[in-house]
Amino acid sequence: MTSLLIATGGTIAWSEQESRMLNGLELSHAAGLKFDSIVDVNSKPSWDLSLSDMFQIGASVCSAIDAGHRSIVVTHGTDTMEETAWLTDLMLGNHRRMANRVIFTGAMKFADTNESDGIENLKYALANSEQAEKLDQGVQVAFAGELFAARWVRKIDAFELKAFSGGGRPSSSGPLPPAPDSIDVNVKVVTTSSVARQSIPSDASGIVLVGTGASHVPSAYFEEIERTWSQGIPVVISSRSRDVARTYRPNDDVLWAGDLSSEKAAIALMAALGKSHILADVCEWWAELMSESVR
C-alpha cells in the first residue's frame, strides 16, 4: 500500500530545545520510518486550528486518496484531533473508505523529551494503516496502543499518555451519509446549562444546543426552538453526557445528537448543510447519520 504522512504540527512535532515544530520528514526520521510521500499542512498547535484549517486537512486526505495513496497517517495536536478526524471521516465518502486506511495520531509529550510517546504512536499508526486486509474502517485515531473510531473518540485526560477513549464503542464508525464538497461554518453552538443560558441567534444556518444530561434543555428554550425550526433552520440538541441512540421521526421539530459530542454534532450539521440547506434534506441526511448510532 502506498503510504503518506500528513504532518500538521501539535505536541508530537514540538521541539522544546529549538522552539519550533518539526516537519514531517524530521518526524519520520526520528521514528526510523519510511513513507512513500510526506507533506506538511497547517503546522500549528491544534488549539489554533480553525474550521477552515480542519477542512483543508480533510481535503488533503481526500486528494491523497484520489492520487492513489492507500495508507495515510495524519499527525495532529491532541486538543482538537477528534474534531478534525471526524470532519475528515465525513468528507471521505463511501468510495474512498472502501480501499483506504486513514489514521490520525499525536503525542502527549514533546518530541525531544526522553519520555515522548510520539514515536511509538507514529509507529503504531503506520503499522495499522498498512494492514490491507482491514480496509473500509473510516478514519481512526491511534493512540497509546489502541485504535478508536473518529466518531466516538474523545480526549478524556490532558496529562496521561492514555489520553483518549472510545467509550467502549467499535473501532470503526460504520457507514456515513453522502460526503459534502464543502461545509457551512455558520452553525452556532449555544450553551443552555443552569449557569450559562445563551440566546439562540437568528442569523445562523443551523443551531446546536448544548443540553444537560440526556439532551435536556430548559423549557424557556422551547418556544425559540419551535420558531427557529419553523423558519427552516435545523436545530440539534446535544448532551454533555453519553446519550441514548435517537432516531429522527418526521413529526419531530428537532434533531438529536445522540452519540455525538456537541462539537462533533456541529461539524456534522455543517456537513449536512454543505449538501443542502433544505430542512427536509438535512433531516434525511441526519437520519442516515443517526442510523449508525451506538450506545
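Treat the numbers as computed from the prediction; the structure is a model and nothing was measured.
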Can you find a side-chain donor-acceptor pair between T8 and N42 that sits under 3.5 Å?
-> no
Is there a donor-acceptor pair closer than 3.5 Å between any side-chain N or O of T11 and the backbone N or O of K109?
-> no
Six-ring centre of F148, K162 cation under 6.0 angstrom, axis tolerance 45° | no
Kindly say whether R249 contributes a backbone atom to a donor-acceptor pair with the side chain of D252 at under 3.5 angstrom?
-> yes
Could you check if a side-chain atom of M98 sits within less than 4.5 angstrom of a side-chain atom of L135, using non-hydrogen atoms only?
-> no
More than 12 heavy atoms from other groups under 6.0 Å of CD on Q198 | yes
Does the T191 side chain pair with the main chain of A196, one donor and one acceptor, at a distance under 3.5 Å?
-> no
With the side chain counted from C-beta on, respond yes when L273 and M270 share a heavy-atom pair under 4.5 Å apart, and no when they do not.
-> no
For the pair S276 (side chain) and I278 (backbone), establish whether a donor and an acceptor sit closer than 3.5 Å, ignoring hydrogens and angles.
-> yes
Would you find more than 12 non-hydrogen atoms of other residues, nucleotides or ligands less than 6.0 Å from E26 atom CD?
-> yes
Interatomic distance, OG@S202 vs CD@Q231, rounded to 0.5 Å, equals 7.5 Å
Say whether E16 and W14, considering side chains only, have a donor N or O and an acceptor N or O under 3.5 Å apart.
-> yes
4.5 Å side-chain heavy-atom contact, P175 and E292 = yes
How about V236 and W286: do any of their side-chain heavy atoms sit closer than 4.5 Å?
-> yes
When rounded to the nearest 0.5 Å, the distance separating CH2 of W152 from CH2 of W86 is 8.5 Å
Does the pair R97 and D89 meet the rule for a salt bridge (Lys or Arg N to Asp or Glu O under 4.0 Å), with working shown?
-> CA-CA 9 Å; R97 292 166 62 101; D89 207 11; 2.7 Å; yes
Could you state whether L33 and V102 fall into the same hydrophobic cluster, counting links through intermediate Ile, Leu, Val, Met, Phe, Trp or Tyr residues with side-chain heavy atoms under 4.5 angstrom apart?
-> no
ILVMFWY network linking V187 to L87, side-chain heavy atoms under 4.5 angstrom = yes
Just by modelled atom types, is the S171 backbone N or O under 3.5 Å from a matching donor or acceptor in the Q140 side chain?
-> yes
Are any of the side-chain heavy atoms of P45 and D48 separated by less than 4.5 Å?
-> yes
Tell me, yes or no, whether the heavy-atom count around E115 atom CD, taken from other residues, nucleotides or ligands under 6.0 Å, exceeds 12.
-> yes
Using only heavy-atom distances, determine whether the side chains of S129 and S71 contain a donor-acceptor pair under 3.5 Å.
-> yes
Look only at the side chain of E82 and the backbone of K155, and say whether a donor-acceptor pair between them is shorter than 3.5 Å.
-> yes
Please output the side-chain donor-acceptor pairs of residues 204-213 that fall under 3.5 Å, not counting sequence neighbours, one pair per line with the distance.
from: S205; atom 1: OG; to: D184; atom 2: OD2; distance (Å): 2.8
from: S205; atom 1: OG; to: N186; atom 2: ND2; distance (Å): 3.4
from: T212; atom 1: OG1; to: H216; atom 2: O; distance (Å): 3.2

Indicate if L92 and V73 have the same hydrophobic cluster label, given that clusters are the connected sets of ILVMFWY residues with side-chain heavy-atom separations under 4.5 angstrom.
-> no
With the side chain counted from C-beta on, respond yes when D259 and R151 share a heavy-atom pair under 4.5 Å apart, and no when they do not.
-> yes
Within the distance-only criterion (no hydrogens, no angle test), does the side chain of T80 pair as donor or acceptor with the backbone N or O of E83 below 3.5 angstrom?
-> no
Does the side chain of T84 come under 3.5 Å of the side chain of H76 through a donor N or O and an acceptor N or O?
-> yes
Please determine, by modelled atom types, if D53 and S50 share a side-chain donor-acceptor pair under 3.5 angstrom.
-> yes
Determine, using the 4.5 Å side-chain heavy-atom cutoff (strictly less than), whether V141 and I12 are members of one ILVMFWY cluster.
-> no
For residues N128 and Y124, determine if any side-chain heavy atom of one lies less than 4.5 Å from a side-chain heavy atom of the other.
-> yes
How far does CD1 of I72 sit from CD1 of I103, to the nearest 0.5 angstrom?
-> 10.5 Å
Does any non-hydrogen side-chain atom of K34 lie less than 4.5 Å from one of S28?
-> no
Connected via hydrophobic side-chain network under 4.5 Å: M81 and L4 = yes
Got a sec: does the CD of Q17 have more than 12 other heavy atoms crowding it under 6.0 Å?
-> no
